[in-house]
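Since the structure comes first, as structure tokens, the remarks are kept for the end.
Atoms within a ligand are numbered from 1 in the order they appear, just like the ligands themselves. FYI, side chains are in, hydrogens and waters are out, and symmetry mates aren't considered; it's all heavy atoms of this structure.
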Amino acid sequence: MFKKILIISCLLSSISLFAQYEAAEELFDDASCMSCHTEEDFSPKVGKVDSFKKLTKVIDACRFANDVSWFDDESLDVARYLNHLYYKFEEKE
Ligand code: HEC
């Protein structure tokens with residue numbers, strides 16, 4: 001019984017994580033971030049983006065510079081999404 005609940009709750013949480021990434025992907029695509037960037041831009045660099053926290057900062061800088069109207073939590077979702085795809089930092093703020 002407990003095992004079943006555990007399995008179901010694991011499934012549900014991975015589904016909601018997936019939905020979150022999907023929503024972030026849509027935000028990211030709609031904001032034309034890739035008009036300036038290529039995938040190669042998104043990799044950890046010494047002294048620049050070398051932590052999840054810095055990643056959230058540069059994304060904020062880029063969205064403000066380009067008048068992208070995301071809420072802060074949406075921006076964080078995009079950070080998680082890019083981190084999941086490219087940077088692979090440990091997520092802490
Ligand atoms: C007008 C061009 C432009 C647009 C549009 C733009 N960026 Fe940027 N972005 C830059 C520049 C320039 C840098 C700084 C590059 C550097 O200093 O290495 C940068 C840096 C970044 C970095 C850090 C890359 C790294 O690892 O060094 C991330 C992440 C990023 N932008 C995300 C975004 C996101 C998300 C969007 C969409 C909201 C976006 N950018 C839209 C120009 C742009």
Side-chain angles (χ1 to χ4, degrees):
M1 176 67 182
F2 276 128
K3 223 175 179 178
K4 254 189 200 153
I5 291 174
L6 198 67
I7 290 171
I8 289 170
S9 66
C10 276
L11 267 175
L12 282 179
S13 67
S14 57
I15 289 171
S16 71
L17 196 61
F18 180 74
Q20 193 187 41
Y21 287 143
E22 218 172 354
E25 185 178 17
E26 219 163 274
L27 287 169
F28 183 71
D29 289 346
D30 286 352
S32 324
C33 304
M34 295 310 254
S35 65
C36 285
H37 290 289
T38 64
E39 290 196 346
E40 284 95 79
D41 290 346
F42 302 140
S43 63
K45 292 173 200 71
V46 179
K48 278 196 167 174
V49 179
D50 53 8
S51 68
F52 185 69
K53 194 172 173 149
K54 280 199 193 160
L55 179 59
T56 61
K57 293 246 153 74
V58 291
I59 290 176
D60 279 346
C62 268
R63 81 179 155 110
F64 291 135
N66 295 291
D67 285 325
V68 174
S69 53
W70 291 339
F71 292 112
D72 287 351
D73 61 334
E74 291 176 326
S75 194
L76 189 60
D77 282 350
V78 172
R80 290 203 178 107
Y81 166 70
L82 291 180
N83 189 46
H84 167 73
L85 278 186
Y86 306 111
Y87 292 89
K88 321 268 186 210
F89 297 128
E90 192 188 331
E91 274 188 34
K92 48 180 192 243
E93 285 158 60

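For the salt bridge (charged side-chain N to carboxylate O under 4.0 Å, His left out) test, residues two or more places apart in sequence or in another chain that qualify with D50 are K54.
Taking CD of E91 as the start and OG1 of T56 as the end, the distance is 10.5 Å to the nearest 0.5 Å. Atom OH of Y21 is separated from atom NE2 of H84 by 5.0 Å, given to the nearest 0.5 angstrom. S9 contributes atom OG, which lies 9.0 Å from atom CD1 of I7 (distance to the nearest 0.5 angstrom). Interatomic distance, E22 CD to L17 CG, rounded to the nearest 0.5 Å: 11.5 Å.
The side-chain hydrogen bond (donor to acceptor under 3.5 Å, both in side chains) contacts involving residues 60-69 comprise D60-R63, D60-S75, R63-D72, R63-S75, where partners must be two or more places apart or lie in separate chains.
Close approach of ligand 1 to V49 is summarised as follows: ligand atoms under 4.0 Å from at least one heavy atom of the residue are 23 (C), 25 (C), 26 (O), 27 (O). Counting the atoms of ligand 1 from 1 in the order shown, those under 4.0 Å from a heavy atom of L55 are 29 (C). Ligand-side atoms of ligand 1 in range of F42: 28 (C), 29 (C), 30 (C), 32 (C), range being under 4.0 angstrom from any heavy atom. Close contacts of ligand 1 with W70, meaning ligand atoms under 4.0 Å from a residue heavy atom, involve 38 (C). Counting the atoms of ligand 1 from 1 in the order shown, those under 4.0 Å from a heavy atom of F28 are 35 (C). Of all atoms in ligand 1, listed by their number and element, those nearer than 4.0 Å to a heavy atom of S43 are 26 (O). Those atoms of ligand 1 with a heavy atom of Y87 less than 4.0 angstrom away are 23 (C), 24 (C), 25 (C), 26 (O), 29 (C).
Comparing M34, R63, K45, K48 against atom 16 (C) of ligand 1, the shortest heavy-atom distance belongs to K48.
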Report the C-alpha distance between D77 and W70 in whole Å, list the side-chain angles of each, state the deciding distance to 0.1 Å, and finish with yes or no for side-chain contact (heavy atoms from CB on, under 4.5 Å).
CA-CA 10 Å; D77 282 350; W70 291 339; over 6 Å; no
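Residue-to-ligand polar distances keep S35 apart from ligand 1: every N/O pair is separated by 3.5 Å or more. In terms of polar-atom proximity, defined here as any N/O pair under 3.5 Å, S32 makes no such contact with ligand 1.
Aromatic rings of F42 and Y86 (six-membered ring for Trp) have centroids within the 6.0 Å cut-off, being under it.
Protein contacts to atom 8 (Fe) of ligand 1 involving N, O or S atoms at a distance below 2.8 Å are H37 NE2, C62 SG.
Taking a distance limit of 4.0 Å, we find that atom 41 (C) of ligand 1 is approached by some protein heavy atom. Atom 35 (C) of ligand 1 is flagged as protein-proximal [any protein heavy atom, distance under 4.0 Å].
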Only distances under 3.5 Å count here; give the side-chain donor-acceptor pairs of residues 26-37 to other protein atoms, sequence neighbours excluded, each with its distance to 0.1 Å.
unit_1: S35; atom_1: OG; unit_2: S32; atom_2: O; d: 2.8
unit_1: H37; atom_1: ND1; unit_2: D41; atom_2: OD2; d: 2.8

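Put simply, L85 and Y87 are part of the same group of oily side chains (I, L, V, M, F, W, Y) that touch within less than 4.5 Å, one to the next.
Around atom NZ of K48, no more than 12 heavy atoms belonging to other residues, nucleotides or ligands sit under 6.0 Å away. Heavy atoms of other residues, nucleotides or ligands lying less than 6.0 angstrom from NZ of K88 number more than 12.
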